[in-house]
Amino acid sequence: FAAYKQNLFSFIISRIGIIENYSEQGTEINEEKISNNNSLTLSSYAFDNESLVITYNLKFDKAPEFFLEDLIDSSKIIDNANTYDLEENHRTTHYKISETEYEFIKIYDLNEISLSDNAQFISEITLYKEFEGPIADKLGKWNFNITLNKNNTENINKKYILENKTIEL
């Protein structure tokens with residue numbers, strides 16, 4: 001199953017135009033958080049001067065009985081005395097791996113932000129079952145704080161295809 005999952009993930013990464021050998025060029029993190037018996041793992045990241053790509057793995061304790069839309073995130077980068085809000089400048093795609101597991105790929109536009117070594121990526125991720133006016137069922141809330149190691153950066157292709165639309169960052 002692990003080999004199948006890696007091949008599928010490599011195929012997905014390649015299809016959306018990130019980089020063919022993302023798993024070799026990205027930095028593996030595998031930091032897992034659990035909320036309401038559901039786990040979210042920040043799997044890996046890769047970035048350059050224009051884009052930051054974060055991959056997440058979401059595992060439910062049982063198969064969800066609803067259509068999964070997106071993880072709502074409030075993300076920012078803190079670099080020295082500067083804070084950069086990433087909430088407005090990102091694209092997301094996700095793929096069903098099994099009945100209880102999904103991969104999410106978030107691509108953040110860094111707007112030519114020049115990051116120093118060891119900038120902090122801080123993200124608060126929330127998953128809702130469905131929105132009905134101001135009330136929503138929250139399925140989980142996870143917080144991540146990782147150091148972006150500039151030594152592991154590689155150029156990332158700037159052309160992505162999400163939801164059958166070509167996006168150039």
Side-chain angles (χ1 to χ4, degrees), residues 9 12-19 22 25-29 31-33 35-36 38-58 64 66-96 102-150 152-169:
F9 186 65
I12 291 167
I13 292 293
S14 175
R15 289 272 297 143
I16 63 171
I18 297 173
I19 43 183
Y22 175 85
Q25 294 180 0
T27 300
E28 198 169 302
I29 299 292
E31 182 177 327
E32 180 183 29
K33 306 283 180 149
S35 177
N36 296 335
N38 302 311
S39 76
L40 184 67
T41 301
L42 193 156
S43 303
S44 61
Y45 72 87
F47 74 101
D48 63 11
N49 289 334
E50 296 179 22
S51 302
L52 168 65
V53 179
I54 304 279
T55 60
Y56 295 97
N57 181 276
L58 175 63
F66 57 91
F67 179 73
L68 186 62
E69 294 253 349
D70 191 8
L71 297 173
I72 308 300
D73 80 277
S74 172
S75 298
K76 61 185 170 187
I77 292 177
I78 298 177
D79 189 19
N80 296 321
N82 299 315
T83 299
Y84 305 101
D85 181 16
L86 302 176
E87 288 180 46
E88 300 295 322
N89 299 318
H90 75 276
R91 309 280 189 272
T92 303
T93 191
H94 68 277
Y95 298 91
K96 185 176 183 177
Y102 293 80
E103 285 284 347
F104 282 82
I105 302 164
K106 291 195 171 271
I107 305 164
Y108 298 91
D109 182 3
L110 296 181
N111 292 320
E112 300 293 329
I113 298 169
S114 180
L115 299 177
S116 65
D117 282 338
N118 304 319
Q120 294 296 121
F121 173 77
I122 299 169
S123 188
E124 179 180 282
I125 307 283
T126 308
L127 177 65
Y128 294 99
K129 181 176 179 182
E130 58 187 304
F131 289 101
E132 290 185 19
I135 299 172
D137 293 333
K138 188 185 303 182
L139 296 176
K141 185 174 184 177
W142 305 269
N143 293 296
F144 294 95
N145 184 342
I146 62 168
T147 300
L148 300 175
N149 186 338
K150 199 169 187 175
N152 293 333
T153 62
E154 295 288 340
N155 287 334
I156 301 172
N157 190 351
K158 305 307 176 300
K159 192 173 185 179
Y160 308 97
I161 300 173
L162 298 177
E163 299 174 10
N164 298 323
K165 294 179 184 174
T166 301
I167 301 165
E168 292 197 40
L169 298 178

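Looking only at side-chain heavy atoms (C-beta outward), I29 and S44 stay at 4.5 Å or farther from each other. Residues I77 and I113 form no side-chain contact, since every pair of their non-hydrogen atoms from C-beta on lies 4.5 Å or further apart. Residues Y84 and I78 form no side-chain contact, since every pair of their non-hydrogen atoms from C-beta on lies 4.5 Å or further apart. Inter-residue side-chain proximity for L110 and L86 is flagged as met; some heavy-atom pair is nearer than 4.5 Å. Taking the side chain as every heavy atom from C-beta outward, W142 and L58 approach each other to under 4.5 Å. Residues Y56 and Y102 fail the side-chain proximity criterion, which asks for heavy atoms closer than 4.5 Å. Using a 4.5 Å heavy-atom threshold, the side chains of L139 and N38 count as touching. Side-chain contact check for S75 versus F121: some heavy-atom pair is nearer than 4.5 Å.
Between the CD1 atom of I54 and the OG atom of S43 there is a distance of 10.0 Å, given to the nearest 0.5 Å. Y45 contributes atom OH, which lies 9.0 Å from atom CG of L52 (distance to the nearest 0.5 angstrom). Put simply, CG on L127 and NZ on K141 are 13.0 Å apart, with the number rounded to the nearest 0.5 Å. Taking CG of D73 as the start and CD of E124 as the end, the distance is 9.5 Å to the nearest 0.5 Å. A distance of 10.0 Å separates CD1 of I105 from OG1 of T92, quoted to the nearest 0.5 Å. Atom CG in N118 sits 9.0 Å away from atom CG in L148 (nearest 0.5 Å).
Using bins of under 30°, 30° to 60° and over 60° for the plane-to-plane angle, the ring pair F104/H94 lands in the parallel bin.
Side-chain atoms of N145 and Q120 form a donor-acceptor pair, as typed in the model, at a separation below 3.5 Å. In this model, no donor atom of one side chain and acceptor atom of the other lie less than 3.5 Å apart for E31 and T41.
Remark: K76 pairs with no residue by the salt bridge (Lys or Arg N to Asp or Glu O under 4.0 Å) rule, at least two apart or across chains. The salt bridge (Lys or Arg N to Asp or Glu O under 4.0 Å) search around E87 returns none, not counting sequence neighbours.
Side chain of K33 to main chain of N143: a donor-acceptor pair is present (N/O by atom type, distance under 3.5 Å, no hydrogens or angles).
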Apply side chain to side chain contact (heavy atoms under 4.5 Å, CB included) to residues I72 and I125 and explain how you reach the verdict.
CA-CA 6 Å; I72 308 300; I125 307 283; over 6 Å; no

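Residue S114 comes nearest to D79 through the heavy atom pair O-OD2, 3.6 Å, listed as atom of the first residue, atom of the second, then distance.
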